[in-house]
Amino acid sequence: MSEVRVRFAPSPTGPLHIGGVRTALYNYLFAKNKGGKMILRIEDTDQARFVEGAEKYIIDSLKWCGIEFDESVIVGGDFGPYKQSERKEMYLPYAEQLVKDGFAYYAFDTSEGLTAMRERMKEAGVPSPQYNAVTRTTMQNSLALSEDEVNKRMQDGDSYVIRIKMPRNEEVKLNDIIRGWVVVNTNNMDDKVIFKSDGMPTYHLANVVDDYTMKISHVIRGEEWLPSAPLHVLLYRYLGWEDKIPEFAHLPLILKPDGNGKLSKRDGDRLGFPVFPTQWTNPETGDVSSGYRESGYISDAFINMLSFLGWNPGTTQEIFSMEGLIEAFSLERVGKAGAKFDFDKTRWFNQQYLRAKTKEELSQDLQVILKENGVEAEDDFVATVCEQLKERATFIKDMWEEGKYYFSAPTSYDEKTIRKKWKEDTPKYMTELKYRIEEISDFNSENIEKEFKSYLEENELGMGKLLPAFRVSLTGLGMGPSLFDIASLLGKEETIKRMETALEKIN
Ligand code: GLU
């Protein structure tokens, strides 16, 4: 097989939705699995939809995801430029060749002319009128007008587009790796504009010309492009490149969590989770949409989650590094059915990745948050905090939010715990317990627990009688990791101090 070359071809019309990231990811995994090349091509032929900052956003967010390109606007390559607006000059000759060969034609219709045609057809009972083999004969184009008229209009500088001349009643077939044979009759296709009056090709022509000239071997993209694929096949054929048609793989949709329809860009913050890899600020409105990065996700966990939205390894293994994904990935294991986005599962992946980190790694991450909050603490101390909180956290920031008491004494005490567990006799027991704790010479978790338990036993008290009061005194909370571990980390002096403060404040 010739070299595998795939491309991710976003349009810079806004931030990259997770569906787009998944398309990039599958392209990347496929290319790397095959020892091939991954190309980034910016498809910016639709100038009206251009959004400031979107291209940079796409590049930066894919970098955060760990998706790297062998050829792109940034790293260059032998098949550049990698931005369609910079390839502008390349497309017209192909469009004109199609006209010359009888596969396309010039059309001078104004928007009023097009609207009038649609109304006429609707009146005649055609529900969705199209510019096609039937209607084109009534329109202002080089097939319907005389040659002289066409030449005159050209000389007068009339504005025109180039449309593909869709043949009548032909079957266009393509073999999609994920969907199998897709067959469409040209009677159901219209004479799409392939070259616009502003001197730019449309997506269809630019996409095909670029895929061909960039020697793309596989087109892996979202299902929404499947209806365009037959037109692309025809363009390849008409341009004389039929033997170079890439293989197609149209990926399944990512659905909303309830399975009702496609997960859209607007869903994210509405449904309570990010739909963008990184935060996006709309340059026009200033509106901020949340991102996985800023929400505290580990990029590998985000990618691992995304890899499973449409693909599965055929085993029960769920945790895959990027390397592991590259090794395991195949398009044959990508399903046709839409994949439901599962936010709980996304959090679960993050938790797994968090747990897999060493306490030293976690401590480095937590130190960043501590610094932001003006807290100074020794690395060893922070590492132990991480170790104690690790099983309870989904995000590194949970360790700060749920573990503030490691860094400063509580300033308030959980009301519910006080109401239920701080009884009239509690101060007496807590005072006695404090004396016992003061006596511990080797102040470690085991010894604290032993002393605590023997005090309970001697007084015939159950755990539930004193542990919650002890916990709320040290942490202010009703729940948390092993209290003996916490006390041992805080040290004897601090433990005693907190017990005394609680005895003063609660009551
Ligand atoms: N520019 C298209 C998009 O924004 C690319 C579609 C394709 O991959 O052919 O999704």
Side-chain angles (χ1 to χ4, degrees), residues 4-31 36-51 53-59 61-62 67 69 71-73 79 81-88 90-91 174 176-179 182 192-194 196 200-236 239 241 244-254 262-265 275-277 280 310 331 334:
V4 164
R5 291 176 56 81
V6 300
R7 84 301 193 274
F8 177 56
S11 300
T13 54
L16 201 55
H17 169 256
I18 52 176
V21 183
R22 192 212 38 192
T23 300
L25 175 65
Y26 284 12
N27 271 285
Y28 178 70
L29 297 177
F30 178 78
K37 294 269 166 25
M38 168 76 167
I39 292 131
L40 175 68
R41 182 172 74 223
I42 303 293
E43 299 207 326
D44 59 346
T45 55
D46 193 350
Q47 310 260 288
R49 295 182 59 219
F50 176 83
V51 172
E55 180 182 325
K56 185 173 178 333
Y57 174 93
I58 292 167
I59 292 169
S61 61
L62 290 175
I67 297 172
F69 293 94
E71 298 170 27
S72 74
V73 280
F79 299 83
Y82 291 91
K83 193 189 287 198
Q84 288 183 331
S85 56
E86 290 171 14
R87 302 168 70 80
K88 195 176 166 189
M90 225 178 261
Y91 306 107
L174 67 107
D176 187 278
I177 297 173
I178 296 168
R179 281 146 218 281
V182 176
K192 281 258 178 316
V193 173
I194 54 171
K196 296 179 288 184
M200 280 286 214
T202 59
Y203 155 72
H204 303 291
L205 181 69
N207 191 265
V208 165
V209 167
D210 288 348
D211 283 347
Y212 173 77
T213 53
M214 293 182 173
K215 292 196 164 42
I216 298 302
S217 62
H218 295 75
V219 167
I220 304 167
R221 61 185 170 194
E223 182 180 299
E224 64 273 29
W225 299 105
L226 187 60
S228 303
L231 168 62
H232 299 175
V233 168
L234 284 181
L235 284 171
Y236 271 93
L239 286 163
W241 304 332
K244 293 282 167 20
I245 297 183
E247 293 201 48
F248 289 102
H250 288 90
L251 306 175
L253 292 177
I254 297 183
K262 188 178 158 180
L263 183 69
S264 81
K265 286 190 175 182
V275 287
F276 300 118
W280 164 256
L331 287 171
V334 174

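Just so you know, ligand 1 is whichever comes first in the structure, and atom 1 is the first atom listed for that ligand.
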Check your understanding: Within a reach of under 6.0 Å around NZ of Lys265, are more than 12 heavy atoms found that belong to other residues, nucleotides or ligands?
Key -> yes
Review point. Going by the angle between their ring planes, with limits at 30° and 60°, are Phe69 and Phe8 parallel, tilted or perpendicular?
Key: parallel
Review point. Between His232 and Tyr212, is the gap from one ring center to the other below 6.0 Å?
Key: no
Practice item. With sequence neighbours left out, write down each residue that passes ring-ring contact (aromatic ring centres under 6.0 Å, His included) with Phe248, or none if nothing qualifies. Key: His250
N/O to N/O under 3.5 Å, ligand 1 against protein:
residue: ligand 1; atom: 1 (N); partner: Ala9; partner atom: O; Å: 2.8
residue: ligand 1; atom: 1 (N); partner: Ser11; partner atom: OG; Å: 3.0
residue: ligand 1; atom: 1 (N); partner: Glu43; partner atom: OE1; Å: 2.6
residue: ligand 1; atom: 4 (O); partner: Ser11; partner atom: N; Å: 3.4
residue: ligand 1; atom: 4 (O); partner: Ser11; partner atom: OG; Å: 3.2
residue: ligand 1; atom: 8 (O); partner: Arg7; partner atom: NH1; Å: 2.7
residue: ligand 1; atom: 8 (O); partner: Arg7; partner atom: NH2; Å: 3.4
residue: ligand 1; atom: 9 (O); partner: Arg7; partner atom: NH2; Å: 2.9
residue: ligand 1; atom: 9 (O); partner: Tyr203; partner atom: OH; Å: 2.7
residue: ligand 1; atom: 9 (O); partner: Asn207; partner atom: ND2; Å: 3.0
residue: ligand 1; atom: 9 (O); partner: Arg221; partner atom: NH1; Å: 2.9
residue: ligand 1; atom: 10 (O); partner: Trp225; partner atom: NE1; Å: 3.3

Exercise for review: Examine distances only and state if a side-chain atom of Asn27 and a backbone atom of Val6 form a donor-acceptor pair shorter than 3.5 Å.
Suggested key: no
Point to revise | Phe79 six-ring face occupied by Arg7 cation (under 6.0 Å, within 45°) | key: no
